[in-house]
Amino acid sequence: MSTPDIPTFAQLAADPEIAALLDFTPAPRKIERPDGWTPERQRELIACIAFTGSPRHAAEAMGKDVSGAKHLYRSDGGESFRDAWRGAMELHRDRERQARAGAPPRHFLIPGIGAPPRPGGSAAHSEPDVNGNFQQPGQRLNHLGEWEDAASIERRGEEAAESIRHKLLRCRRIYLCSIASDAGKRAAFEILTELPIDWDLAREMQPQPDEPWHKTNQREPDMILTADSGWSFGEIGYGPNKLAEARRVIDDLRAQRGEDPIAWGAE
């Protein structure tokens, strides 16, 4: 493995934190092949995942297909390998958080929350906000039309994005639970998404093994299937809004018991 963007395996293994991840028991292979997932290649994959944060990019950097890596992840006897995989993803996330903490503001924009200062702008020439205050160094207008520290706006933007990701993952858990008893739908989901699904966890609507590193994306098959089946936000779902239907059923049941309806808009 050697690409312009990813260091060699020897360089990655020299990193103490990555090296600590490589002391795992490789997933057993039924057939040993020279070009297969040998113990050495499994360790190389883990090192690449720790560096890139992406199993797909890691596999491609090795000249391998990500579907083979995911099959390896799901293989019997691969518990130690899966632990290393998850540890690699967590290490990458930790390093990304550390890098963001020490970096200048990225001007993370979401609808309704501030815009970055205009090039060449200064506090002395800024317009007053709704309270009559002028812009101070490091401030941006927030969604209320008030000058606010840019770092505060960045933090709220990140928190909003993370909240949406968690909500979408919960929608996917509901969908997986709804198809867990249908062998055909289970097989179709696995073929289309190539994701490692634990169907015992799915029946209980528990987090899947990939959730610590899987980022929801409405263009990916797993979330398209979830939205198309109605298990998503009302404005995103393409099929019947099953989430709204489920909420109505719950509220009707509570009404029969003389209880108040649930405030579904609250966190």
Side-chain angles (χ1 to χ4, degrees), residues 1-3 5-96 169 172-173 176 179-180 183 185-217 220-223 225:
M1 174 200 69
S2 178
T3 73
D5 299 321
I6 302 179
T8 65
F9 176 53
Q11 290 171 323
L12 291 173
D15 183 316
E17 290 184 304
I18 293 179
L21 296 170
L22 307 182
D23 185 21
F24 64 89
T25 302
R29 314 306 298 141
K30 293 181 179 179
I31 301 177
E32 297 291 341
R33 296 171 45 185
D35 61 344
W37 286 106
T38 62
E40 292 75 17
R41 286 196 179 92
Q42 291 185 38
R43 291 189 170 89
E44 185 175 351
L45 176 67
I46 295 302
C48 287
I49 290 175
F51 182 81
T52 65
S54 166
R56 182 179 299 277
H57 292 163
E60 290 175 351
M62 296 174 61
K64 308 286 281 185
D65 192 279
V66 71
S67 62
K70 291 179 178 179
H71 179 74
L72 186 68
Y73 182 97
R74 295 191 292 265
S75 63
D76 293 336
E79 293 82 3
S80 183
F81 172 77
R82 286 190 286 274
D83 287 342
W85 179 306
R86 290 190 287 266
M89 294 299 301
E90 184 60 35
L91 175 60
H92 182 80
R93 282 197 303 274
D94 285 345
R95 290 183 169 182
E96 277 194 327
L169 277 176
R172 195 185 71 163
R173 288 183 205 167
L176 292 177
I179 68 172
K185 290 182 179 179
R186 292 200 308 267
F189 187 89
E190 291 178 339
I191 291 171
L192 287 170
T193 67
E194 297 182 342
L195 291 175
I197 301 300
D198 184 323
W199 293 104
D200 289 331
L201 293 176
R203 291 183 182 89
E204 301 295 328
M205 286 196 292
Q206 296 299 310
Q208 288 295 316
D210 69 319
E211 285 193 21
W213 53 267
H214 179 81
K215 292 185 178 180
T216 54
N217 185 326
E220 292 297 323
D222 62 316
M223 295 312 300
L225 290 169

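Note that the numbering runs from 1 along the sequence shown for the chain.
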Review point. Which heavy atom of R173 sits nearest a heavy atom of P207, and at what distance?
Key: NH2-CG, 3.6 Å
Review point. Any side-chain heavy-atom pair from C48 and L12 closer than 4.5 angstrom?
Key: yes
Check your understanding: Between CG of L176 and CD1 of I197, what distance do you get to the nearest 0.5 Å?
Key -> 5.0 Å
**Study point:** ring pair (Phe, Tyr, Trp, His ring centres under 6.0 Å) against F51, all qualifying residues, sequence neighbours excluded
**Key:** none
Review point. Taking atom types as modelled, is there a side-chain donor on E190 or W199 under 3.5 Å from an acceptor on the other?
Key: yes
**Study point:** By salt bridge (charged side-chain N to carboxylate O under 4.0 Å, His left out) - contacts of D83 (at least two apart)
**Key:** R86
Review point. Atom CG in D222, atom CG in N217: separation rounded to 0.5 Å?
Key: 8.5 Å
Exercise for review: List in chain and number order the residues that pass side-chain contact (heavy atoms from CB on, under 4.5 Å) with E204, two or more places apart in sequence or in another chain; answer none if no residue qualifies.
Suggested key: Q206
**Study point:** Heavy-atom pair of closest approach, residues T25 and S80
**Key:** N-OG, 2.9 Å
**Study point:** Within 45° cone of W37 ring axis and under 6.0 Å: K64 NZ or CZ
**Key:** yes
Practice item. Compare every heavy atom of I18 with every heavy atom of A50, then report the nearest pair and how far apart it is. Key: CB-CG1, 4.0 Å
Practice item. Sequence neighbours left out, what passes side chain to side chain donor-acceptor pair (under 3.5 Å) with D35? Give chain and number order. Key: R33
Practice item. May I ask you to decide if G36's main-chain N or O and R41's side chain share a donor-acceptor pair within less than 3.5 Å? Key: yes
**Study point:** Residue list, salt bridge (charged side-chain N to carboxylate O under 4.0 Å, His left out) with R43, at least two apart or on another chain
**Key:** none
Check your understanding: With D94, which residues qualify under side chain to side chain donor-acceptor pair (under 3.5 Å), at least two apart?
Key -> R97
Point to revise | Residues forming a side-chain contact (heavy atoms from CB on, under 4.5 Å) with S54, sequence neighbours excluded | key: T52, R56, H57
Review point. In chain order, what residues pass the side chain to side chain donor-acceptor pair (under 3.5 Å) check against E220, with sequence neighbours excluded?
Key: none
Check your understanding: Between atom CG of L22 and atom CD of E40, what is the distance when rounded to the nearest 0.5 Å?
Key -> 11.5 Å
**Study point:** CA sep, side-chain torsions, deciding dist, call: D198, Q208, side chain to side chain contact (heavy atoms under 4.5 Å, CB included)
**Key:** CA-CA 6 Å; D198 184 323; Q208 288 295 316; 3.7 Å; yes
Review point. Side chain to side chain donor-acceptor pair (under 3.5 Å) with R82: which residues, sequence neighbours excluded?
Key: none
Practice item. Take atom NE2 of H92 as the centre, draw a 6.0 Å sphere, and report whether it contains more than 12 heavy atoms from other residues, nucleotides or ligands. Key: yes
Check your understanding: Hey, is the main chain of M62 close enough, under 3.5 Å, to the side chain of E44 for a donor-acceptor pair?
Key -> no
Check your understanding: side-chain contact (heavy atoms from CB on, under 4.5 Å) with A27: which residues, sequence neighbours excluded?
Key -> Q42, L72, S75, F81
Check your understanding: Atom CZ of F189 and atom CD1 of I179: how far apart are they, to the nearest 0.5 Å?
Key -> 6.0 Å
**Study point:** Partner set under side-chain contact (heavy atoms from CB on, under 4.5 Å) for A84, not counting sequence neighbours
**Key:** F24, I46
Check your understanding: For L195 and Y73, what are the C-alpha separation, side-chain angles and deciding distance, and is it a side chain to side chain contact (heavy atoms under 4.5 Å, CB included)?
Key -> CA-CA 10 Å; L195 291 175; Y73 182 97; over 6 Å; no
Practice item. Would you give the length of the straight line joining atom CG of D76 to atom NZ of K30, rounded to the nearest 0.5 angstrom? Key: 7.0 Å
Review point. What residue pairs, at least two apart or across chains, pass side chain to side chain donor-acceptor pair (under 3.5 Å) with a residue in residues 10-23?
Key: T8-Q11, D15-R95, E17-R95
